[in-house]
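See structure below.
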Amino acid sequence: MYDPSHLRTFLSVAQTLSFTQAARRLGVRQSTVSQHVRRLEGATGRQLFTRDTHSVELTEDGEAMLGFARRILEVHEQATAFFTGPRLRGRLRFGASEDFVLTRLPEILEGFRHDHPEVELELTVELSGILHERLAAGKLDLVLAKRRAEDPRGELVWRDRLVWIGAERLRLDPDRPVPLIVYPPPGITRALALEALQRQGRAWRVACTSGSLNGLIAAARAGLGVMAHSRGLVPPGLVRVPMGRSGLPELGAVDFVLLHGRHRPAAQSAADALATAILTGGLPRPEGTPPAVVAGGPWPASGRTGRPAPAKSGSGPRGGRPG
């Protein structure tokens, strides 16, 4: 009933919230993307997107179709691989940033291992900046990580706005430095948060540093401060901090991308298969994620762990040096 090519187009638009970006990802014209979406809306009898000249958003029916489209395409890809695809073998070194602990990535990796049992998958969980460095050094074959919105590298998986989040009971004093919960350098969200505060001339201090998302979430739930985080991945137990009342600046957008290594051609087929699974499966919408998923840690032993570091002093324009 639903054409797989139309579903793939729908997923690309839903993940990028852009007909232009979806066309670029799929290698087709924007008019083709619009046509596929119209035909899928015709087949469902429902409007899947609200769109104007400035924005694209999923409707309630579009949100429902997102789950159906993923499942239909996953089964379609599995059937195609079973009947026509060669069995993949070899070693695949895959890096994912800490952000994806709260997404469907663990399920996607489980499905990939089931579909390709002869691929030796090695997972590295690190900060996005470190993953970019390891990929460039030839130490990884495929990376799923953040990039700045203006960075052209990588294949766009998903674009989202950054927001300030913290404990519901947290109240910020506009006359005191902003208490920050951040990844260590070279964390991308850390850099974007500090740049935004410095542009505003707002003082800040580092209340917690952790290389682990679990550590940052624990500190935020304890009310130690605020953290910059993807709007679509707000962890359970934390809420968006209203910028008007707190005086916090806008943070802008961040992209989540796939980047391929070029040093090991033998890993290319496995990397392409995993990239396809990630693009098909999608990643965001952790709204219903139970806290146990975060606490238990869905990553294999190769994933990183960490705990909050003690607060250290520092500030922006009012003195001290950045942490």
Side-chain angles (χ1 to χ4, degrees), residues 1-44 46-59 61-81 84-85 88 94 100 103-105 108 111-112 115 141-160 232 253-262 268-285:
M1 180 179 180
Y2 301 126
D3 188 318
S5 65
H6 297 169
L7 293 174
R8 287 192 192 92
T9 300
F10 165 77
L11 269 183
S12 294
V13 176
Q15 290 165 358
T16 62
L17 294 179
S18 166
F19 279 62
T20 303
Q21 291 286 350
R24 189 172 296 132
R25 175 198 284 187
L26 296 167
V28 299
R29 295 180 179 180
Q30 188 170 332
S31 59
T32 303
V33 171
S34 299
Q35 182 185 67
H36 285 185
V37 170
R38 281 197 303 270
R39 287 182 176 176
L40 185 59
E41 288 180 329
T44 60
R46 307 290 179 88
Q47 182 179 0
L48 303 177
F49 295 103
T50 57
R51 46 198 184 270
D52 55 33
T53 55
H54 301 293
S55 65
V56 177
E57 296 289 341
L58 283 164
T59 64
D61 289 320
E63 291 280 1
M65 174 54 81
L66 196 57
F68 293 129
R70 286 171 180 158
R71 291 198 293 274
I72 292 168
L73 288 174
E74 284 169 3
V75 172
H76 184 268
E77 296 292 341
Q78 288 168 0
T80 302
T84 64
L88 296 177
F94 174 57
F100 300 107
T103 70
R104 295 185 63 246
L105 183 60
I108 293 170
F112 178 83
D115 294 341
D141 303 309
L142 181 69
V143 159
L144 177 61
K146 292 194 295 284
R147 73 175 182 193
R148 292 172 180 260
E150 67 274 10
D151 189 340
R153 294 174 299 169
E155 184 174 13
L156 183 63
V157 177
W158 173 46
R159 172 171 289 166
D160 203 1
V254 66
D255 290 344
F256 297 84
V257 297
L258 282 165
L259 300 106
H260 289 261
R262 294 291 180 263
Q268 193 63 52
S269 294
D272 288 344
L274 181 53
T276 298
I278 290 169
L279 290 168
T280 300
L283 292 168
R285 312 302 179 215

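Values below: all heavy atoms of this structure, side chains included; hydrogens, waters and symmetry mates excluded.
Nearest approach of Glu74 to Thr280, heavy atoms of both residues: N-CG2, 4.1 Å. Of all heavy-atom pairs spanning Ser55 and Asp52, the tightest one is N-OD1, 2.8 Å. The minimum heavy-atom distance between Gly232 and Asp160, with the atom names listed, is N-OD2, 2.5 Å. Heavy-atom minimum distance, Asp141 versus Ala271: O-CB, 4.5 Å. Closest non-hydrogen pair, Ser269 versus Leu88, comes out as CB-CD2, 3.7 Å.
With sequence neighbours left out, Asp61 forms a salt bridge (Lys or Arg N to Asp or Glu O under 4.0 Å) with Arg46. With sequence neighbours excluded, the residues satisfying side-chain hydrogen bond (donor to acceptor under 3.5 Å, both in side chains) with Arg153 are Asp151. The side-chain hydrogen bond (donor to acceptor under 3.5 Å, both in side chains) check on Arg39 picks up nothing, with sequence neighbours excluded. For the ring-ring contact (aromatic ring centres under 6.0 Å, His included) test, residues two or more places apart in sequence or in another chain that qualify with Phe112 are His116. The side-chain hydrogen bond (donor to acceptor under 3.5 Å, both in side chains) check on Glu57 picks up nothing, with sequence neighbours excluded.
Of the inter-residue distances, the one linking Ile72 atom CD1 with Met65 atom CE reads 6.5 Å to the nearest 0.5 angstrom. Atom-to-atom distance recorded for Thr32:OG1 and Leu26:CG is 9.5 Å, nearest 0.5 angstrom. Between atom NE2 of residue His36 and atom CZ of residue Phe19 there is a gap of 12.0 Å, rounded to the nearest 0.5 Å. In this structure, CG on Leu7 lies 11.5 Å from CZ on Phe68, to the nearest 0.5 angstrom. Separating the CG atom in Asp3 from the CZ atom in Arg8 is a distance of 8.5 Å, to the nearest 0.5 Å.
The shortest distance between side-chain heavy atoms of Val257 and Leu156 falls below 4.5 Å. A 4.5 Å side-chain heavy-atom check between Phe94 and Leu144 finds at least one atom pair inside the cut-off. Residues Leu66 and Leu11 have side chains in contact (heavy-atom distance under 4.5 Å, counting atoms from C-beta outward). Counting heavy atoms from C-beta on, the side chains of Glu155 and Leu279 come closer than 4.5 Å. With contacts defined as side-chain heavy-atom distances shorter than 4.5 Å, the pair Gln21/Gln15 does not qualify. Side-chain contact between Thr16 and Arg159 is absent, with no heavy atoms from C-beta onward closer than 4.5 Å. Residues Phe100 and Phe256 form a side-chain contact, since some pair of their non-hydrogen atoms from C-beta on lies under 4.5 Å apart. Between Leu73 and Pro4 the shortest side-chain heavy-atom distance falls below 4.5 Å.
Remark: side-chain polar atoms of Thr59 are paired, donor with acceptor, to backbone N or O of Gln47 under 3.5 angstrom. Looking only at distances, a side-chain donor or acceptor of Glu41 sits under 3.5 Å from a matching main-chain atom of Leu48.
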Side chain to side chain contact (heavy atoms under 4.5 Å, CB included) assessment of Thr44 paired with Tyr2 = CA-CA 8 Å; Thr44 60; Tyr2 301 126; 3.6 Å; yes

Give the C-alpha distance, both sets of side-chain angles, the deciding distance and a yes or no for side chain to side chain contact (heavy atoms under 4.5 Å, CB included) between Phe10 and Leu58.
-> CA-CA 10 Å; Phe10 165 77; Leu58 283 164; 3.9 Å; yes

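Under the salt bridge (Lys or Arg N to Asp or Glu O under 4.0 Å) criterion, no residue pair touches residues 17-38, with sequence neighbours excluded.
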